[in-house]
Structures are given as structure tokens and as C-alpha cells.
Amino acid sequence: MTDLAFGGASIDGGLYTSVTGFAQQMPNFLNSLVSYWTDLGLGVFALLMLAGWWRARQRLGGSTRRRLTPGEGRHAAPVTMAMALAVPVIVVLAYVANDVVKSFFHEQRPCQTLHHVVTVEPCPGLGDWSFPSNHSAIAASAAIALLLLDRRLGAIAVPAALLMGASRVWVGAHYPHDVVVGLVVGTLVAAVLMPLARRAAPLVERLRETPLRPLVAAR
């Protein structure tokens, strides 16, 4: 890839330093909470994905044991399961897409270029590119995919994704624009691919007749 040596400080370096400076004035326990969230918070999305799969599995299993209500299509449950299984795949694809963009622009971390900044977390090393934020892309893709799968899960995931993005600036790992673009990349990937996952419903139907049935439907 061509190294564009993208410099982000001229875009919102002032906002970055304002946020990191504000973080330094906050109590240690709050910074510790933000640090734990930015490091471990992606696990929350994994749990939400697992919950989405479990709910779809129960729904698909139940659809084989009860009479469908008026307006409930015969293929509704397989479509839901197909989308649930697609969520982690979409998240991986969003990460790959974001990493391609990251490797093209080669933006150094703000804590590497703005040497006077004190950050909550240690600064990543040189060559660990900043733009766009992988954490933000992963969180956004998971949140949008979960929202399209199940509005209740999405109501948890979307605010969590925004908090993940904000935490990346708070701890000093990213400029705000890194986070915004990462959120946009993740959102676009999920918004484009999640509807396509519905087409895998026939595959789910076939899996119900194989030894892999427990993967897609409760007995």
C-alpha cells in the first residue's frame, strides 16, 4: 500500500488534547473504569451476539412445535437465524475493511506525534496506525448488525458502540476523527451485508435436517 503519511493533528488535534487533558483531571477510579471498558468492552458485543443467536435458536426450534400466528411467515425464523449467524462474520469483515483503510493512510497515533500529551493508557508503538479506529469499526458493525437482528439487543449495543468510540479518545489512543470514521466504516459494512444474510435462510432450513440441527434450532 502507498504510505500517505496522513497527519491527523491538523484536523482535530485541539479537541483531542482537550479530551485527554480533561481525562487527567478526573478521579483515578473513573479513568480505570474507562480503561477497563476500552480494553475489555468488545467482549460485551460478543455476549450480545451470543444472546442473539440463542434467541434465534429458541425461536426456530419453537416454530417447529407450534402453529404459526397469522402474519408470521413460515420462513421468518430461519431468516432470523441466518442473520444471527451472520453477525460475527460481518464484524470480522468490518475489521478487515477498516484495517485495509488503516494500512493505506498510515496515520501515527496522536500520542506519538503530540509529545506533550499525557494519556490514561500507554501510547501504542510506532507503526500501530491510528486511522480509522478498529475498536470503533468493530463496535459499530456489531451494534448495527444486532440492531437489524433484534431491536432490544440493538438498544444496548448502539450506546455501547458510541461509548467504545468515546473511550478510545479518552484514553489517548485515537483522534476523534479516527473514531468517527471507524464508526462509519463499521456501520456501512453492517448495513450493506446484514440484509444479504437473509438469503442464507434456505441453508438454515437444510441444516435443520442434519446433525448440525442443535446449532440452529432448540430441540
Side-chain angles (χ1 to χ4, degrees), residues 1-24 31 34-35 37-46 86-148 157-196:
M1 288 290 184
T2 302
D3 184 353
L4 296 183
F6 184 55
S10 61
I11 299 175
D12 50 15
L15 179 57
Y16 169 83
T17 56
S18 294
V19 173
T20 53
F22 180 75
Q24 292 303 311
N31 284 332
V34 176
S35 186
W37 171 250
T38 204
D39 292 337
L40 304 175
L42 292 180
V44 171
F45 298 97
V87 174
V89 177
I90 288 171
V91 170
V92 171
L93 292 176
Y95 168 78
V96 171
N98 195 75
D99 214 43
V100 169
V101 177
K102 184 186 288 281
S103 64
F104 184 77
F105 282 96
H106 286 193
E107 178 192 72
Q108 291 290 356
R109 298 278 179 169
C111 47
Q112 287 288 354
T113 56
L114 303 175
H115 301 294
H116 62 282
V117 172
V118 179
T119 57
V120 171
E121 289 200 339
C123 189
L126 289 171
D128 188 347
W129 311 121
S130 184
F131 174 84
S133 164
N134 277 337
H135 277 71
S136 300
I138 292 170
S141 61
I144 298 303
L146 287 166
L147 181 64
L148 295 174
V158 169
L162 296 176
L163 286 174
M164 175 57 69
S167 74
R168 301 304 290 161
V169 182
W170 185 282
V171 301
H174 286 284
Y175 291 108
H177 70 266
D178 298 338
V179 167
V180 171
V181 175
L183 292 173
V184 169
V185 170
T187 296
L188 289 177
V189 170
V192 170
L193 296 183
M194 196 63 174
L196 297 179

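The basis for the numbers below is simple: all heavy atoms, side chains too, and nothing from hydrogens, waters or symmetry mates. From a predicted model like this one, the values you see are computed outputs, not experimental measurements.
Taking both residues in full, the closest heavy atoms of Ala157 and Leu146 are given as CB-CD1, 3.8 Å, listed atom of the first, atom of the second, then distance. Minimum heavy-atom separation, Val181 to Phe131: CG2-CE1, 3.5 Å. Across all their heavy atoms, Leu183 and Ala161 have their closest contact at CD2-O, 4.1 Å. Taking each heavy atom of Met194 and Leu148 in turn, the nearest pair found is CB-CD1, 3.6 Å. Taking both residues in full, the closest heavy atoms of Ser136 and Gly165 are given as OG-CA, 3.6 Å, listed atom of the first, atom of the second, then distance. Nearest heavy-atom pair, Thr119 versus Gly172, reported as atom, atom and distance to 0.1 Å: CG2-CA, 3.7 Å.
Considering CD of Glu107 and CG of Asp178, their distance stands at 4.0 Å, rounded to 0.5 Å. A distance of 12.0 Å separates SG in Cys111 from NE2 in His116, rounded to the nearest 0.5 Å. Going from atom CG of Leu42 over to atom CE of Met164 covers 4.0 Å, rounded to the nearest 0.5 Å. Taking OG from Ser133 and CZ from Arg168, the interatomic distance works out to 5.5 Å, rounded to the nearest 0.5 Å. Between atom CD1 of residue Ile90 and atom CD1 of residue Ile138 there is a gap of 14.0 Å, rounded to the nearest 0.5 Å. In this structure, OG1 in Thr20 is found 13.0 Å from CD in Glu121, a value given to the nearest 0.5 Å.
For Ser141, the side chain to side chain donor-acceptor pair (under 3.5 Å) criterion is met by no residue, not counting sequence neighbours. In this structure, the ring pair (Phe, Tyr, Trp, His ring centres under 6.0 Å) partners of Tyr16, at least two apart in sequence or on a different chain, are Tyr175. With sequence neighbours excluded, the residues forming a side chain to side chain donor-acceptor pair (under 3.5 Å) with Asn134 are Asn98, Asp99, listed by chain and number.
Counting heavy atoms from C-beta on, the side chains of Val120 and Val34 never come closer than 4.5 Å.
Checked by atom type, the side-chain pair Gln108/Thr113 shows no donor-acceptor distance below 3.5 Å.
At distances below 3.5 Å, not a single donor-acceptor pair connects side-chain atoms of Arg109 with backbone N or O atoms of Cys123. Of the possible polar contacts, none joining the Ser35 side chain to the Asn31 backbone as a donor-acceptor pair under 3.5 Å is found. A donor-acceptor pair under 3.5 Å is formed between the side chain of His174 and the backbone N or O of Ser130.
Between His106 and Trp129, the ring planes lie parallel to each other; the angle is under 30°, not in the 30° to 60° tilted range. Under the 30°/60° scheme for interplanar angles, the aromatic rings of Trp37 and Phe45 are found to be tilted.
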